[in-house]
Amino acid sequence: MNAPPAFETFLLFDGEKKISITKDTKVPNAAHFTVNKEDHTLGNILRTQLLKDPKVLFAGYKVPHPLEHKFILRVQTTGDYSPQEAFTNAITDLISEISLLEERFKATVRDRQQGIE
Amino acid sequence: MATCLAIGTCGAVIGFDSLRKMFPNRPSRNEDENELLKFQEDFLSSGKKPAAKFERVKKPVKDEQQTTDKQNVPDQWEEMDRVDNHITKVLSNIIHERNVKHSTVQFPKSSKLISDVPKLKPRTTNTKKGKSLFAQQFSKSKDNSTQQTDATQQVSDPNILKSTPVKIDDIRDELHKENIEKMNMMSEDEILHEQQRLKSTLDPKLLQFLAQRKKSKQESSEKSTSKNKENEEKEMKISSKSENSPTVVDNAESMIPVGVDDVINDDVTNLHKQYPNMDVLEKDKLRWMKNIPHKVETKTQGNGPRFDFEGRIIDAVSTIPPHVGLHHHISQPQQPGYNFNELFELARSQVTQQRVLSIKVLGRILYKDKHGDYIAQGYPPFTPTLLDAGLPFILRWFLDERSQSSMQASIETLWCLLAPTSSEKTYSNVMMSCCRGYETNCLRSNFEVPKKSDTDSDVIKRDLILGFLQMDLLPRLRYTLEVCSPDTSTINKCLECIERISRHSAQSSLKVLECPRLVRVISEKFVSVVTCNSTQADDSAVSSSVYAVRLFQTICQSSWENAHKLVTENVEIVELMHWFVVAVGGVGCEGSKSMNLLKLEREMWNIWRVASTYGLMLDIFMKFPEVLMQQLQACIQIINNKSSSVDQLKWCQGVLLMFGAAVTNLPSIHGRNTLGLLNRFFPLMKTVATSAVAGVTSIPDSDLKNIIGYHGIVASSLVLLSDWFKYFNENSEISNEIKNEIVPNIISPLQAIVLREYQTCYKPPATSPTIEISSLPNLGLNFTNEEYLLNFISSHNLLESYMKVVYDVTRITGPCQSIVELMLNLVDVDLNKINQHFQPCVYFRILPRIFYWIIKSCLLLLPHHPQLGRKYLSIHQISMFAFNSLFPGDEYYARDLLLHALFNPTLISDMKILWNETFSENQILTMMSSIHHTYVSSLTIDPKSLAQSKAWCCQNTKEIKSLFLPYDLSTILPVDWPFIPLLQFYDLAIRRSDEENALNAPIVLSSILDCLRFIYFLEKLRQDGSCKISVTCKITRLMCVFMSGNDIFLDDQVQKLLHKLLVLFLDGKSRSQLNFNKPIPGITSFYDFYVSLLEQFDAVSFGSKIFSMFILLPLVGECDKELKLALWSQHTEVVGSIHVNIHELPVAKDFYLSPIETNPQVLMSYLQALVHGKCQHVRTPFLYQLAVHHLSSYLATEKETKARQEILNKVNLLPTSKMKHDILHNGDGGTKTIS
């Protein structure tokens, strides 16, 4: 009855940013990325991708509350590398990886269909 | 015959002469049935009236009536004759014995009468007359010449049927002859047929026996006449059967096993020959005549322990002779005693006596169980079993029975169930005379009104008292008290039961009050009886009124409303109080009063004291000031008189306490102008106190009874003084008087005694085990030595009142050298010892208060006396102890300590030592006040209970709503209270969202810092304060810091403190102490907590080292595999962030490395973490070593198993690397290669 509307899970409010960055004051070379209207699907994949980067010392994410549709990603990197860079790199890598996946998937499906026909 | 005998017994009282007249032809035992019948016919036809009438005689109500009955005995007989006119009535009625309890029974003078009474002829001399009708007829027609020797005649015969052998001998001969004759007449076929029939019906064993017997007989006597074998066998059968009959019971086992039916058959076949109306036999009813079978050693003990009539457990091996009456006739007649099944079965019996007996035995069992008798013998408590079995219902049903005896038994058992243990009674009595002793523990804090859907048994299971209330116990008890007029002890027990019900809670007290006519009946019957009959009141009636007044006292304690209702609706109480104050008052000290009257008076003082705390009944004090003055003077006389008895001293104490109550409450109800009235008493109060002190200092130590008495007097007079001092401020007009009189005459002389008592006050009395029943809570008091309990409480009482007066004196007069010296002595106390002995038990209630008053005085003196300031450590420790151990009801004191003592900068001045390098003095002072603020704001005490406690502690008459302390036998604050702010922030954090938390993050951070600093301070410099909590408990609480915010643990200071604390906590701890699998107080599942901790680490830790250390701690040694798997297989990402090195660990690495892990699942998770690169040599050195160590050791030591092979295969499949090498070559540098 008083369930929140479903669009809240994916629709950004007016003026709401998708991603915001804050620098951590207590830990060197660390930053918090708050990603709105996303959940574990993206949080986990980003964290895993970040951890593959040898220059990333720490990457962890948290969904602060199940009814708040966002996650906060904490990233710490080595001195010669900024968290933002790590973050963008991770995103680019992920995009290419997923495009590759998509391409290969489509190719395979195509092959398969031709094979059957 | 039986009726004759019964008349005979009555005759013993009446006199034999009258009987002889009425029965000229009294039937004698020699007459046979024919004659008896003839006699009866004659009697009936003659129309004479029978000599005796049998009727139920109602129990005479009063003794006087009884004596008149006794004098008119002949009239009674005439009365009987007139009413009854048929003998059948005589036979059908039951004789009711006259109540001869109170009359002197004289044995009839024998000299003249004895010759008149027909002598009993021994039965063995009977020849012809004693024969049965059948036998006589038989003997008429037959010749009785045949003789046969009888072997069984020589057998000793203890049986009840003593005279039968002779007769049976004859009958047997006759039978024998008849048999032979009859057989002679029968044809061969007929005989064979008959033999077959017999054989088929008889027990084969019997046949075998008979055949054997025949053989032996043949050998011994060749000349036995017989026609053929069948014939003889038949003859033998019959003869042997008749031979056995008189003795068969005894010989049954020695001869042949015979079924019960046979035995009874044989045994009782002859009964009808001796007793009329016994020709139709009911075997079942005659089973009791059987002797009990020999004890058979049965291995199965059956249904639990067996009890005797006193409720003692009978061991299986004990031999108890059957005549003691413990061998019943149910399932195991060879075993003495009764088990629960049998008792419950008997409780349903139709026979009243059996029901009464069983219910009484159950009551005794309950009583013994309550006093821990069975637990001491190693049995489990029986009461829960009995309650589950439905005993409350049985008791309730029993109460409804009409018979007096079952009603009494039921009340007795109810009393056994409900009444407190004797220790609890002693405790309540002695506490009552303490300072603030009018407060008492109720036995349920919350009164759950039963729902409508609840059945009686549901309610009984939850709360017995509520169940009884629902089953209308109170109206029934009222009926019993009002109508049934039971004896005194039953009345008292009944009243005690009602008291127990009203002690349950204020609401159940109200139920007692509201029960129609219950309180009315009690106060009319048992309270007014004393005032009406003045001094001639019956002692037993007075004893009941003691219980009644005690019940009223409990009702008064329950709440202000109840007390008001009770006092206004029952003027008898006020009248009785008047009576005591005026009529007895001053002369009460003379020894003429009965014990019960003295007791009653004390109870009345108590009820008055209780009522006056609400401001009720105070006008008595205004009405009779002169009488009261006389009473105080009488007190002085008694105290000065060295030969005063203990009871007199108690009386004095009662008077003093009453005065104390008046002094406290009078001005707040009747205005400050009453102070003038009270001021008139002040000189007398001083004199009482002075003489009491003089008395106590002069009595020898050995006189323990008197010591307790005098201690009470001194304590009460001190309480009286301190109640009076309440009205004076610092440097008021009274201060000179105090300085010159009170201090030298009262405070100083008592010092030695107080110090002596103070040194031993913490040793608790030895307790025996008690039972805990969830549905019937008690105070758990059961002492082996109640005398010691008395001593213990009275010495605490003395100390408390002394310390209170010392505080008041210091407050009014300002610092005084002798008190400073006293305090210096008092603060030097071995708290370790006290901590060892202290338990959160009700009898330790006063101890923390003693320390509270010491602290209060010290705080007053501290600014003026630097030598006391040097003892800051002891004072702070004492205040910590007092704070830790105060009980519910003293919340006000606890708050006072929290505000003024615990964080007093002087008392915690050694905190500077810890941080003097990093902070300046001013900073440390701010830190202290910040710590203080943190704790004051987080240790909130429920405002309602705080307000009530304040009313009690300050004795604010109008604010006291109830004197029932909550039923909570633990201290106010949990032992881990220093950690409470951490837990609160944790609670807040897991409820709040991230942003809200971030808003007040600085406050949270500073509070957590304060809390950690204080814990560190306690741990470092006050070790005894928090030593009662286990390491795991402390560490778990510290872990809350990580959960209470996302970046709090990243703060530098927090990290440092956490590390210091961790090192302190773990210092010298063994691995077994670090077992997180044991239940940790405050946490239901450590696993769940650990998982959320891991998630937090994963999300926000930034690989913090201190966080990693806490994460690793629970994995020490033989921890649960679930915890290891939580880290290694469910949260493998966490593994990659734990960068701790071996040398950074707070514990020895052996804690982790041994014993070797053998669980394949855990090992597999290690291997997977290694293979997937989560656990790398460079980034996570310690975990890498841990995993490699366990894997290689496992592979090296484990025998060839499937699991090992599987792991080995997987390792072998790895590409060549350092890791593979480390695993296979025993990573720690070992050289052994694993194949």
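Residue numbers begin at 1 in each chain, while the letters A, B, ... track the order of the sequences.
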Residue Ser1101(B) versus chain A: region with a heavy atom under 4.5 Å: both

May I ask you to decide if Ser938(B)'s main-chain N or O and Gln984(B)'s side chain share a donor-acceptor pair within less than 3.5 Å? yes

Is it true that a side-chain atom of Gln113(A) and a backbone atom of Arg110(A) form a donor plus acceptor pair closer than 3.5 Å? no

Closest non-hydrogen atom pair between Val63(A) and Lys70(A), with its separation: CG1-O, 3.6 Å

Do any of residues 84-100 of chain A have a heavy atom less than 4.5 Å from a heavy atom of chain B, and if so, which, in residue order? none

Test your reading of the model: is there a side-chain donor-acceptor pair from Asn29(A) to the backbone of Thr78(A), 3.5 Å cut-off? yes

When Thr48(A), Thr25(A), Val27(A) are compared by non-hydrogen pairs under 4.5 Å with chain B, the top option: Val27(A)

Using the six-membered ring wherever Trp is involved, compare the ring planes of Phe1102(B) and Phe58(A) and label them parallel, tilted or perpendicular (cut-offs 30° and 60°). tilted

Check each atom of Glu1095(B) against the heavy atoms of chain A and say whether the ones under 4.5 Å are side chain, backbone, both or neither. neither

Could you look at Val75(A) and say if it's the side chain, the backbone, both or neither that has a heavy atom under 4.5 Å from chain B? backbone

Once you round to the nearest 0.5 Å, how far does CD of Glu16(A) lie from CG of Asp14(A)? 9.5 Å

If you count heavy-atom pairs within less than 4.5 Å of chain A, which of Glu1133(B), His1139(B), Gln1096(B) leads? Glu1133(B)

Side chain, backbone, both or neither: which part of Asp1052(B) has an atom under 4.5 Å from a heavy atom of chain A? neither

Quick one: OG1 on Thr918(B) to CD on Gln1053(B), what's the gap to the nearest 0.5 Å? 8.0 Å

Could you tell me whether a side-chain N or O of Gln923(B) sits under 3.5 Å from a main-chain N or O of Ser920(B), the two making a donor and an acceptor? yes

Looking only at side-chain N and O atoms, does Lys1174(B) offer a donor or acceptor that is under 3.5 Å from a partner on Gln1168(B)? no

